[in-house]
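Chain letters run A, B, ... following the sequence lines, proteins first, then strands; residues in each count from 1.
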2 protein chains.
Amino acid sequence: MSERDESLSAERISEAEHAVMEALWEKSPQTAAEVCDNVCDRRGWSIPTVKTLLSRLVAKGALATEPQGRRFLYTPTIERAAYVGTESRRLVDRLFGGRAAPLFAHLAESEALSAEDIAEIERLLAEMKK
Amino acid sequence: MSERDESLSAERISEAEHAVMEALWEKSPQTAAEVCDNVCDRRGWSIPTVKTLLSRLVAKGALATEPQGRRFLYTPTIERAAYVGTESRRLVDRLFGGRAAPLFAHLAESEALSAEDIAEIERLLAEMKK
DNA sequence: CTCCGACGATTACGTTTGTAAACTGAATGC
DNA sequence: GCATTCAGTTTACAAACGTAATCGTCGGAG
């Protein structure tokens with residue numbers, strides 16, 4: 001019960017881990033220290049915490065390491081778009097029965113849509129029609 | 001370290017708990033056994049599991065109990081719309097910097113929007129303009 | 001050549017979650 | 001009345017998470 005599947009990257013990324021991923025999607029590769037520079041204050045973390053998260057993400061196959069001298073450079077192996085996609089879908093499935101329209105309706109109803117959002121969405125819709 | 005705040009219902013609802021909430025939003029009040037009838041097969045749960053989840057939800061203030069003879073009737077204390085709202089916002093904040101338009105764009109791009117979704121959204125947009 | 005400091009690796013530890021068995025008290029059939 | 005049954009409560013326990021301290025090692029400063 002130790003050899004888990006290491007190739008299929010379907011491992012779930014937790015919220016804390018996600019913060020680390022964001023830093024690396026923003027810019028990569030980065031060392032552990034650099035990642036910490038980018039997230040530690042915001043989250044109130046210390047370096048050991050970041051290192052743990054990095055290790056777990058490597059174990060989950062979400063990050064790749066490349067040795068640079070005696071330290072590692074970390075790079076995402078999964079694309080942000082893919083992650084965002086699965087997470088979005090999860091939510092839509094769980095809360096809106098897989099339909100996006102109710103989500104939109106909900107956002108609209110709860111004032112979560114700004115004027116710009118609406119304009120942007122109209123633009124996208126127009127574009128889709130072409 | 002035992003008396004947690006019992007009035008403010010900001011407690012986080014986990015995924016398994018959410019399934020129970022859905023059953024009760026669908027129809028309430030219900031007994032534990034009834035809830036189980038509605039979710040146990042789908043999730044492969046046994047009654048004890050449902051009971052645990054119900055208790056935790058009561059502890060979190062998400063459900064209210066009303067004694068009916070020797071058993072309890074469970075009723076949600078929070079509205080589904082409120083839950084859906086906070087969860088949606090969480091996702092939009094976390095993944096799209098709080099902007100709904102990028103979420104929409106993403107759904108559109110990834111084919112997650114059906115023709116009906118689009119029609120429905122156009123309808124909603126038209127309505128909002130009025 | 002030796003010691004220090006910087007890294008990753010290992011270990012830690014409390015909490016939450018998923019999943020459920022054991023316990024306890026009350027209602028109910030005989 | 002007393003045993004069985006059935007509800008809720010308590011306890012259990014492993015995995016995941018959040019957060020971090022400690023260990024072991026390797027390379028660079030003296």
- Check A:Glu26, A:Gln30, A:Lys27 against A:Asn38 for a side chain to side chain donor-acceptor pair (under 3.5 Å) and give me the one that passes.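 Going through A:Glu26, A:Gln30, A:Lys27 one by one, the side chain to side chain donor-acceptor pair (under 3.5 Å) with A:Asn38 is satisfied by A:Gln30 alone.
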- Run the salt-bridge test on B:Arg94 and A:Glu87 with the 4.0 Å N-O cut-off and return the result as yes or no. yes
- Output yes when B:Glu22 and B:Arg42 qualify as a salt bridge under the 4.0 Å nitrogen-oxygen rule, no when they do not. no
Rounded to the nearest angstrom, tell me the gap between atom [atom1] in [X] and atom [atom2] in [N].
X: A:Leu63; N: C:dG8; atom1: CG; atom2: P; value: 13 Å
X: B:Glu15; N: C:dG18; atom1: CD; atom2: C1'; value: 11 Å
X: B:Gln30; N: D:dG8; atom1: CD; atom2: P; value: 13 Å
X: B:Leu54; N: C:dG18; atom1: CG; atom2: P; value: 14 Å
X: A:Lys60; N: D:dA16; atom1: NZ; atom2: C1'; value: 7 Å
X: B:Glu34; N: D:dA7; atom1: CD; atom2: C1'; value: 13 Å
X: A:Phe72; N: D:dG27; atom1: CZ; atom2: P; value: 13 Å
X: B:Glu17; N: C:dG18; atom1: CD; atom2: C1'; value: 10 Å

- Query: Looking at C:dG8, C:dT17, C:dT19, which one has an atom nearest to any side-chain atom of B:Arg12?
  - Reply: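 Out of C:dG8, C:dT17, C:dT19, the nucleotide with an atom closest to B:Arg12's side chain is C:dT17.
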- Name the closest nucleotide to the B:Ala32 side chain, picking from C:dC7, D:dG8, D:dC17.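 Minimum distance to the B:Ala32 side chain belongs to D:dG8.
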- Does any N or O in the side chain of A:Arg80 come within less than 3.5 Å of the main-chain N or O of B:Leu95, such that one atom is a donor and the other an acceptor?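 Yes, because the side chain of A:Arg80 sits within donor-acceptor range (under 3.5 Å) of the backbone of B:Leu95.
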- Task: Give the ring-plane orientation class for B:His18 versus B:Tyr83, where under 30° counts as parallel, over 60° as perpendicular and anything between as tilted.
- Result: parallel
- Query: Could one point to a donor on the side chain of B:Arg56 or the base of D:dT9 with an acceptor on the other under 3.5 Å away?
  - Reply: no
- Flag the pair A:Thr31 / A:Leu73 as yes when at least one side-chain heavy-atom distance between them is below 4.5 Å, and no otherwise. yes
- Message: With nearest nucleotide decided by heavy atoms, which residue, A:Trp45 or B:Ala33, maps closer to the 5′ end of DNA chain D?
- Response: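 Result: B:Ala33.
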- Of B:Gly44 and A:Ser55, whose nearest nucleotide on DNA chain C comes first from the 5' end?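 First, find each residue's nearest nucleotide; the 5'-ward one identifies A:Ser55.
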Pick out the pairs of N or O atoms, protein on one side and nucleotides 21-30 of chain C on the other, that lie under 3.5 Å.
unit_1, atom_1, unit_2, atom_2, d
C:dA27, O4', B:Arg70, NE, 3.4

- Of the non-hydrogen atoms in B:Ser46 and B:Cys36, which two are nearest, and what is the gap between them?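 B:Ser46 and B:Cys36 have their closest heavy atoms at C-SG, 4.5 Å.
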- Message: Please determine whether a side-chain nitrogen or oxygen atom of B:Thr31 lies at a distance below 4.0 Å from atom OP1 or OP2 of D:dA7.
- Response: no
- Message: Using OP1 and OP2 only, check whether a side-chain N or O of A:Thr49 sits under 4.0 Å from D:dG18.
- Response: no
